[in-house]
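Note sheet for the following structure.
Chain letters run A, B, ... following the sequence lines, proteins first and then strands; every chain starts at 1.
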Protein chains: 2
Amino acid sequence: MTDASPDLLFKALADPSRRALFERLCMDGEQTVGALTAGAGISQPAVSKHLGLLKQAGLVLDRHEGRQTHYRAQQRALAPLVDWTGRMNRFWEARFDDLEDLLKRMDQ
Amino acid sequence: MTDASPDLLFKALADPSRRALFERLCMDGEQTVGALTAGAGISQPAVSKHLGLLKQAGLVLDRHEGRQTHYRAQQRALAPLVDWTGRMNRFWEARFDDLEDLLKRMDQ
DNA sequence: GACACTCATAACTGTTTGGTTATGAGAAAC
DNA sequence: GTTTCTCATAACCAAACAGTTATGAGTGTC
């Protein structure tokens with residue numbers, strides 16, 4: 001699950017609890033499920049389920065150590081998102097350029 | 001509704017139909033509801049509802065002309081998304097730098 | 001005025017989803 | 001071996017949601 005579609009990414013990040021978990025992992029680095037549960041306002045199973053979805057979307061990686069599971073953010077996973085926004089911006093700029101060209105031609 | 005939280009944006013873009021509508025508006029520019037409905041695989045009321053949500057999220061603007069409504073993408077609306085991804089990347093890099101520093105110090 | 005067209009809203013429906021509690025599996029601690 | 005701890009899964013529930021059809025409001029056409 002190295003790469004994911006924008007669809008999975010948007011869906012995974014659409015939920016506030018999930019986005020908060022991902023943000024914490026980005027800010028503070030690797031953490032156990034227990035640590036993540038403390039501070040999230042929801043139960044441990046809820047946290048586990050969210051982490052499962054984030055993992056499926058390629059946004060986090062897990063590592064088992066003894067009886068705890070450590071999760072960490074996978075930064076690369078955001079690339080498709082950045083690509084998508086960039087693409088939308090480029091479309092927009094292209095149309096803007098076309099309009100500009102048109103206006104210039106009309107001006108002459 | 002000039003600006004919106006990342007939450008509204010992520011939620012609005014999480015649905016494939018909605019994202020497709022927004023992509024079409026970015027690529028092809030302003031379009032009527034009728035034009036957008038043709039090509040979307042869903043009914044006109046469904047399209048209208050999605051456009052309503054996109055508008056609420058600040059992603060599109062509408063313009064009434066006679067009996068039709070024209071929608072267009074508002075490019076600026078993606079800014080909070082770009083900011084957010086940038087912030088996450090910066091957190092990640094900061095932690096990476098810390099690790100690098102630590103390793104350097106340990107090396108001496 | 002009568003009709004046709006375009007879109008939005010209302011009312012409803014089936015599915016998805018974010019949460020819960022209960023429980024089980026695996027790994028330390030004793 | 002028994003107990004304790006950590007996490008994941010199962011079963012369930014209420015709310016949110018994406019879609020539908022029916023209808024209404026507003027605007028052009030004749």
Original post:
Does a side-chain N-to-carboxylate-O contact under 4.0 Å join A:K11 and A:D7?
Top reply: yes
Subject >> Position toward the 5' end of DNA chain D (nearest nucleotide), A:A35 or B:L53 >> reply: A:A35
Original post:
Where the side chain of B:R67 is concerned, which of C:dG18, C:dC7, C:dT6 is the nearest nucleotide?
Top reply: C:dT6
Subject >> Whichever of B:P45 and A:R18 has its nearest DNA chain C nucleotide further upstream toward 5' >> reply: B:P45
Subject >> Nearest-nucleotide 5' precedence on DNA chain C, A:D15 against B:T69 >> reply: B:T69
Distance, rounded to the nearest Å, where [X] contributes [atom1] and [N] contributes [atom2]:
X: B:D62; N: C:dT6; atom1: CG; atom2: P; value: 18 Å
X: B:Q44; N: C:dA10; atom1: CD; atom2: P; value: 14 Å
X: B:H70; N: C:dT6; atom1: NE2; atom2: C1'; value: 11 Å
X: A:R19; N: C:dG18; atom1: CZ; atom2: C1'; value: 14 Å
X: A:K11; N: C:dT17; atom1: NZ; atom2: P; value: 7 Å
X: A:I42; N: C:dT21; atom1: CD1; atom2: P; value: 12 Å
X: A:K49; N: C:dT17; atom1: NZ; atom2: P; value: 10 Å
X: A:R63; N: C:dA27; atom1: CZ; atom2: P; value: 15 Å

Subject >> Along DNA chain D, first and last positions that approach a heavy atom of chain B under 4.0 Å >> reply: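 Terminal contacting nucleotides, 5' to 3': D:dA18 to D:dG28.
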Within the structure provided, determine whether [X] and [Y] are in side-chain contact (heavy-atom separation under 4.5 Å).
X: B:W84; Y: B:L9; answer: no
X: B:L13; Y: A:L13; answer: no
X: A:F91; Y: B:E23; answer: no

**OP:** Verify the cluster assignment for A:Y71 and A:M27: are they in a single hydrophobic cluster under the rule of side-chain heavy atoms below 4.5 Å apart?
**Re:** yes
**OP:** Identify whether A:I42 and A:L25 are in the same connected component of the hydrophobic contact network (ILVMFWY, side-chain heavy atoms under 4.5 Å).
**Re:** yes
Assign [X] to base, sugar-phosphate, or nothing according to its heavy-atom contacts below 4.0 angstrom with the strands shown.
X: A:T37; result: nothing
X: B:H50; result: sugar-phosphate
X: B:S17; result: sugar-phosphate

Subject >> Under 3.5 Å: donor-acceptor pair, side chain of B:R24, backbone of B:L36 >> reply: yes
